[in-house]
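Count residues from 1 along the sequence.
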Amino acid sequence: MIDDVLFGKPLISLITVGFAGIIIWHLLSRQRPTTRLVVQILFFAVMTLILVGSGIEPHRFQGYESEDPQALLVIVAKSLWWIHLAWAVIGFIRLYLVLEGSPREARLLQDLVIGVVYIGMALSVMAFVFGVPIGTLVATSGVVAIILGLALQNTLADVFSGIALTLGRPYIIGDWILLTDGTEGRVIESNWRATHILTGANNVVVLPNSFLAKLGLTNVSRPDESHLLILTIRIAPTRMPASIRHVMATALASCNSIVREPPPVVALKGLDATALEVELQFRVTSPSQRATARNEVLDLVYRHCKSAGLLLAVPAAASVLTNDLPIEENARPPRVTPLELIEAIPIFATLTSDEKQKLAETTAVREFRKGDVIVREGEMLPSLMMVRAGIIAARHGDEERGRLAPGDVFGETGLLAGMQEVCTLEALTPVTTYEIDQKAFAPLLSERPALAEEIAEDLASRAERFRDNAALPPEHARSAHAILKTIRTIFKA
């Protein structure tokens, strides 16, 4: 029965199977390439079986008379067979022609090979179906090819440069690259003609492949995306270089935006009567974090210098008298008194000078040794602590969530909102703090409601910062409004 259907009228059967395969292939989802390939191979196998069974040879031109009623059927049948053969080969190429497991980066090479397959299929149809002398046609089309080559010179240069970049693979989609012309950004697309780069300014730069191939290229994402930053700081030579280096190392150790491994490096570059030049070398996780890390490092260098009594040096180009320069014997380091710290903390900015003075007079000095646990997670501190010197690590469980440096405050969650600490605070270095108790805050909050609102906002942002996707108890996820309500309740009582 099947033989009668397939081989009774082989040409009609082959044409029917060919068109059915095309329809079914297009109905299948593009998200299932393997299924489409299997279907394509099955239909091609059935068409080949019909041709072999009927004695038709698709790879040879068999002359036929124009009046032959079977001529049109033969042309259509053999053309469909070659089309299905080409599609089956293309299916294999799409699935298995992959560069190092990255099909997206191999798309350009795939397109090139597929173009060759289509050209081969078209030439085969012309030669074996219509009997066109391909050799003569290719020879006579040389002049046309030269004209087209000259007209498409730039386009062809882009295409072949794109092929060279794809095979050489100096970068892949998603890499952050830096070009010698100053262009810098992340590669988001690479096609036949150009490469698209998303810059830090959120603009897309489109560079022709031929232009890109001529430039020097630095792949920042290899071997990983961590990026080295170098900052040069000039410190007045009022202390021994070893002491200044220690302060700079402490400043880097307290930074939350840089990579811990490999550890940052402090290098002493030069020393003269005006300054000790220090080079800070540290890494960030990604080039996009450079501005954030640089800002934090500069802020911490200033805070640690002020805490340690160091002075920043005047610029190298500045014109100053030598006898006016600070030296170790006559330097007047900045004071770091409780009042100085209170004036530097943003949440106290709205207080008057008298109110800041009264608050400073209530402070007490507390010191902790390296390794001391200041407060454990879940415990409540009854007073506000301002870091005078040293580094404190904030840990949730076994994971470090951040570090506190001179000028930071903690303990306000328990003092002002009756909340437990979200993290364990441990002294990484010897730490000195100034402590303010609840009695000193009560009159300020009753007289200045705006201060309570600012503290509530600060508490909410701090809890969010230390939480950082941690599974903390619900009481630590309160909004600023809920915290403000708690503060007012405590101090009214």
Side-chain angles (χ1 to χ4, degrees), residues 246 249-261 263-264 282 285 292-293 296-297 299-300 303-304 307 338 341 345-347 363-438 441 455-480 482-483 486-487 490:
H246 176 73
T250 304
L252 290 177
S254 63
C255 185
N256 296 302
S257 301
I258 67 176
V259 176
R260 306 289 181 202
E261 292 294 336
F282 53 91
T285 56
T292 301
E296 185 180 5
V297 169
D299 175 67
L300 289 171
R303 288 156 62 180
H304 279 275
S307 173
L341 270 182
I345 295 175
I347 61 175
T363 60
V365 177
R366 291 193 61 183
E367 296 185 348
F368 302 91
R369 294 174 300 179
K370 179 180 178 180
D372 284 353
V373 175
I374 301 172
V375 62
R376 297 189 181 278
E377 178 183 337
E379 297 178 349
M380 185 179 70
L381 275 175
S383 55
L384 176 74
M385 299 283 193
M386 300 180 295
V387 182
R388 159 65 177 82
I391 306 175
I392 299 174
R395 294 191 175 94
H396 178 69
D398 296 330
E399 182 181 358
E400 184 174 309
R401 290 309 174 92
R403 295 186 177 185
L404 305 178
D408 286 329
V409 297
F410 63 94
E412 71 276 36
T413 54
L415 171 69
L416 303 176
M419 295 168 54
Q420 300 171 346
E421 289 295 324
V422 299
C423 293
T424 296
L425 301 181
E426 179 183 343
L428 294 183
T429 65
V431 172
T432 301
T433 64
Y434 293 134
E435 181 180 18
I436 304 176
D437 60 20
Q438 194 178 74
F441 267 100
I455 293 174
E457 292 285 351
D458 183 73
L459 288 177
S461 62
R462 182 182 295 274
E464 182 67 26
R465 168 191 167 193
F466 284 146
R467 188 184 311 117
D468 189 23
N469 299 325
L472 298 185
E475 60 268 20
H476 297 311
R478 301 191 210 177
S479 65
I483 295 175
T486 304
I487 291 175
I490 290 176

Show the nearest heavy-atom pair for residues Ala405 and His304, with the distance to one decimal. CB-NE2, 3.7 Å
Is it the case that the side chain of Thr432 and the backbone of Ala389 share a donor-acceptor pair, with hydrogens and angles ignored and the cut-off at 3.5 Å? no
Taking every non-hydrogen atom, the tightest pair across Val259 and Thr285: CG2-N, 3.7 Å
Minimum heavy-atom separation for Leu300 and Ala251, please, with both atom names. CD1-O, 3.8 Å
Determine whether a donor-acceptor pair (N or O, by modelled atom type, separation under 3.5 Å) exists between the side chain of Arg388 and the backbone of Tyr434. no
Any side-chain heavy atom of Arg403 within less than 4.5 Å of one from Cys255? no
Nearest heavy-atom contact between Leu341 and Gly407 is CD2-CA, 3.9 Å
With a 4.5 Å limit on heavy-atom distance, are the side chains of Arg303 and Asp408 in contact? yes
Would a 4.5 Å heavy-atom cut-off, applied to side chains only, mark Met386 and Thr363 as touching? yes
State, with a plain yes or no, whether a side-chain heavy atom of Val373 is found less than 4.5 Å away from one of Arg395. no
Sequence neighbours excluded, which residues qualify as salt bridge (charged side-chain N to carboxylate O under 4.0 Å, His left out) partners of Arg366? Glu435
Grab the two heavy atoms, one from Leu252 and one from Pro264, that are nearest each other, plus how far apart they are. CD1-CB, 3.6 Å
Hey, could you give me the CG/CZ distance between Leu404 and Phe410, rounded to the nearest 0.5 Å? 7.0 Å
Measure the spacing between CD of Glu296 and CZ of Phe282 and express it to the nearest 0.5 Å. 9.5 Å
Give me the atom names and distance for the closest heavy-atom approach of Ser383 to Asp437. CB-CA, 4.0 Å
Sidechain-backbone polar pair: Glu421 side chain, Leu381 backbone, donor-acceptor under 3.5 Å: no
Do other residues, nucleotides or ligands put more than 12 heavy atoms under 6.0 Å from the CZ atom of Arg376? no
Is there a donor-acceptor contact under 3.5 Å from the side chain of Thr424 to the main chain of Glu377? yes
